[in-house]
Amino acid sequence: MLVRRSLRSLCSKANGLSSLARQTKPQHPADSNLKSLCLNGRLKEALFEMAVLGTEVKFSCYDSLITECLNQRALREGQRVHVHMIKSRYLPPVYLGTRLMILYAKCDSLEDARNVLDGMPERNIVSWTAMISGYSQRGCHAEALELFIRMLQTGLLPNEFTLATVLTSCSGPHGFKHGRQVHSLVVKTNFESHIFVGSSLLDMYAKADKIHEARTVFDMLPERDVVTCTAIISGYAQLGLDEEALELFRKLYEEGMECNYITFASLLTALSGLSALDYGRQVHSLTIRRELPFYVVLQNSLINMYSKCGCLIYARRVFDSMPERTVISWNAMLVGLGKHGLGRQVLQLFKSMREELKPDGVTFMAVLSGCSHGGLVDEGLDVFDYMLNEQGLKPELGHYGCVVDLLGRAGRIEKVLDFIKDMPFEPTAAMWGSLLGACRVHANASVGEFVAQRLLEIEPENAGNYVILSNIYAAAGRWEDVVRVRESMKEKTVMKEPGRSWLNLDRIIHTFHSSDRSHPQKEAIDAKLKELCVKIKEAGYVPDLSCVLHDVDDEQKERMLLGHSEKLAITFGLMGTSRSGMIRVTKNLRICVDCHNFAKFVSKVYGRDLSLRDSNRFHLIVGGVCSCRDYW
DNA sequence: GTAGGGTTAG
């Protein structure tokens, strides 16, 4: 190795000397030597040649130099070329100026790139587009848009490159109003059917939560490729429209769409949402069969899919097998452990992580919420202090929310109030909601009343808040207040998202809504539910009527409770799975107290393990005991 | 010479 290196350096020295010699021979112009050095990647020597040539350097030499700098992403060398141009009073033509600018942009020197652009006496569409692209690829969307507008003001019309680029800076609700204007420009310039512009356009709509518009653009495109298809599938998945994403994927796959690792990563996001383990495993084996190279993004998606489907072991297996991990890989694994209530394992993994790379804000969210779900209060507070004091990462709203949850869970109600008072943020509805839940569990009616009032000021439309407050009053025997709260609830609340539970059996997703009568096996499910109700009541189950939002008599309340979607799904799972298998049910909202209790009795009486995933965490119920320790 | 889709948290 050493020998080879010294040989190489000898050769290059010899070459340098020969080029000096060649300078004296006018029939072998030095610039051809400079160009061949560039072609061979020997940038340093080429720069030496450039210095020797002085003001003799011509366009084609500068072009070669910049090309090689671009190849090597060599910022310093590029700067030397730039300085040389200035000193030689060489005014680069548009083409060369643009490429110099691109070099700066690709090397993350946006300011230098912008200076080049501003200093150019003449610019064409490529110059503008390249600079806009530099901004948008580095997330400087405001700058990208501002430059785009300035370009339009000069009277220049965008081409398909400009449009595809600028649309990526219009994502999110903030950029949407610009995105819409760009769309009309797309129509005006007749690029509506262009595949790149179309993909950007549909992605812009999807990211602004306008999935119907995105779908319209997709359906109108005369041709599609892997990017277009992935963009629309991922659009559905990112909005939580998982069934739609899966359905569209299946349709396009049957039609012969091309897939790559990004398509699979996006599809896995949808499958995670659906807890569709069978499909997820199918995608996993498909990626293995296709011998897709190692892609961190895909592996990250697999970790997420397996842990959201309740298969932590598989998630961990993927994580452990990765030759290279990003902060997202670690975060995905930490979130998985945390949602399963495995606080100790979260802390252990967090420790290993810090030995390898720097955690980010999401890491701390995962660790704090992992401590919260795992009941590790003091450890969680230590993590928050660590974040405050040692990481140079400022805790954000979500981190403060985790601490509120952490303290509330431990019953340190007064401490939560102090914590909220000292926060650099206004408390959110989620924080008050979390504290209200804590007041109910720890039977603190006085603070509960105060908290509920704050909450109802911010969120008067959320029926759940009234219910918890009335529960607190009921527990304290304040019946008049119970009536008063129920009355005001009727006036102000709006329908919340309806509860929905589902389970996957034989690659079919069986979905249940509250009081669902639509399932083909509804009679059998009703009969089974009645039967198991008798059995678990004998074992001590008492329906918790306080979970019913409506003001009806007790008999009707019990009927309503029995109609909760998770009870239907659990019953169906009991009928449809083999005796040894775990019953896995997913719910879109948080599981209610009564259903949680119901599930525990079912697990005890029928000797079955249940894994319930709600919007917050997993409840692993074995032998009548839940991993959440009855606090969630 | 300039262009589109992606994984974690809430």
Side-chain angles (χ1 to χ4, degrees), chain A residues 63 66-67 70 93-103 105-106 123-134 136-137 158-168 171 191 194-204 206-207 214 217-218 221 224-235 237-238 258-269 272 295-305 307-308 318 325-336 338-339 359-370 396-402 405 428 430 615-616:
Chain A
D63 189 27
I66 291 176
T67 302
L70 262 166
V94 186
Y95 170 84
L96 215 51
T98 304
R99 301 203 58 207
L100 183 63
M101 188 190 78
I102 294 167
L103 173 64
K106 299 253 187 224
R123 291 159 218 152
N124 62 20
I125 190 67
V126 182
S127 336
W128 289 100
T129 307
M131 191 65 230
I132 294 168
S133 161
S136 74
Q137 281 182 2
N159 67 8
E160 65 274 37
F161 289 79
T162 328
L163 292 168
T165 304
V166 79
L167 280 165
T168 63
S171 59
F191 282 117
H194 189 278
I195 192 162
F196 277 48
V197 178
S199 311
S200 269
L201 201 54
L202 83 84
D203 190 55
M204 180 275 292
K207 291 203 166 92
V217 174
F218 178 79
L221 277 176
R224 295 163 183 169
D225 67 3
V226 60
V227 177
T228 332
C229 294
T230 305
I232 187 75
I233 290 168
S234 127
Q238 282 172 8
E258 205 192 313
C259 297
N260 61 17
Y261 77 102
I262 302 182
T263 323
F264 290 128
S266 307
L267 177 62
L268 283 167
T269 302
S272 312
Y295 291 115
V296 187
V297 168
L298 182 57
Q299 307 286 314
N300 292 347
S301 226
L302 283 168
I303 294 174
N304 183 47
M305 181 277 292
S307 69
K308 292 242 171 86
V318 173
R325 304 182 189 104
T326 62
V327 68
I328 295 182
S329 327
W330 290 89
N331 291 351
M333 197 63 236
L334 287 167
V335 168
K339 287 213 185 256
D360 66 4
V362 178
T363 315
F364 281 96
M365 283 294 291
V367 176
L368 288 169
S369 95
E396 288 169 20
L397 203 61
H399 302 108
Y400 281 89
C402 284
D405 200 55
T428 61
S615 58
N616 206 26

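Numbers restart at 1 for each chain; the letters A, B, ... are given by sequence-line order, proteins then strands.
- In this structure, A:Glu258 reaches neither bases nor backbone, as no heavy-atom distance under 4.0 Å exists between it and the strands shown.
- Applying the 3.5 Å distance criterion, the base of B:dG4 shares a donor-acceptor pair with the side chain of A:Asp225.
- Residue side chain A:Asn260 reaches the base of B:dG5 through a donor-acceptor N/O pair under 3.5 Å, judged by distance alone.
- For A:Asn304, whose side chain is taken as the heavy atoms from C-beta onward, the closest listed nucleotide among B:dT7, B:dG4, B:dG6 is B:dT7.
- Taking atom OH of residue A:Tyr400 and atom P of nucleotide B:dG10, one finds them 19 Å apart after rounding to whole Å.
- Using modelled atom types, one finds a donor on one side chain and an acceptor on the other under 3.5 Å when comparing A:Asp225 with A:Thr228.
- Side-chain atoms of A:Ser199 and base atoms of B:dG4 include a donor and an acceptor less than 3.5 Å apart.
- At the heavy-atom level, A:Thr129 lies under 4.0 Å from base atoms of the strands shown.
- When distances run from any side-chain atom of A:Thr165 to the nucleotides B:dT2, B:dA3, B:dG5, the shortest one goes to B:dA3.
- Among residues two or more places apart in sequence or in another chain, the side-chain contact (heavy atoms from CB on, under 4.5 Å) test is passed with A:Gln238 by A:Lys207, A:Ser234.
- The side chain of A:Ser266 lies closest to B:dG6, out of B:dG6, B:dG1, B:dT7.
- For the pair A:Ile233 CD1 and B:dG6 P, the computed distance is 12 Å after rounding to whole Å.
- Residues A:Asp203 and A:Ser200 have side chains that never bring a donor and an acceptor to within less than 3.5 angstrom of each other.
- Residue-to-nucleotide contacts include a donor-acceptor pair under 3.5 Å from the side chain of A:Thr228 to the base of B:dG4.
- Residue A:Lys207 places none of its side-chain N or O atoms closer than 4.0 Å to OP1 or OP2 of B:dG4.
- The base of B:dG1 sits with one of its N or O atoms less than 3.5 Å from a complementary donor or acceptor on the side chain of A:Thr98.
- Within the 4.0 angstrom heavy-atom criterion, no nucleotide atom of any strand lies near A:Val367.
- Distances shown here put a side-chain N or O of A:Lys339 below 4.0 Å from the OP1 or OP2 atom of B:dG10.
- In terms of heavy-atom proximity, A:Phe364 sits nearest to A:Pro359 at CE1-CB, 3.9 Å.
- At least one side-chain nitrogen or oxygen of A:Gln238 sits closer than 4.0 Å to the OP1 or OP2 atom of B:dT7.
- Residue-level contact check: A:Gln137 touches the backbone only, with heavy atoms under 4.0 Å from sugar-phosphate atoms and none from bases.
- As rounded to whole Å, 14 Å separates atom C1' of B:dG4 from atom CZ of A:Phe191.
- The residue A:Val197 sits apart from the nucleic acid: no heavy atom pair falls under 4.0 Å.
- Distance A:Met305 CE to B:dT8 P: 12 Å, rounded to the nearest Å.
- Among the heavy atoms of the strands, none lies under 4.0 Å from A:Phe364.
- In terms of the side-chain contact (heavy atoms from CB on, under 4.5 Å) criterion, residue partners of A:Ile125 (sequence neighbours excluded) are, by chain and number, A:Thr129, A:Met151, A:Leu156, A:Asn159, A:Thr162.
- A donor N or O paired with an acceptor N or O is found under 3.5 Å between the base of B:dG6 and the side-chain atoms of A:Tyr261.
- Among the nucleotides B:dG4, B:dA9, B:dT7, the one closest to the side chain of A:Thr269 is B:dT7.
- Nucleic acid contact class of A:Ile195 (heavy atoms, under 4.0 Å, all strands): base.
- For the 3.5 Å distance criterion, the side chains of A:Thr230 and A:Thr263 qualify, holding a donor opposite an acceptor.
- Here the side chain of A:Phe196 is nearest to one of B:dG4, B:dT2, B:dA9, namely B:dG4.
- Using a 4.0 Å heavy-atom distance criterion, A:Asp360 is classed as making no nucleic acid contact.
- When the C1' atom of B:dG5 is taken as reference, atom CG of A:Leu267 falls 14 Å away, rounded to whole Å.
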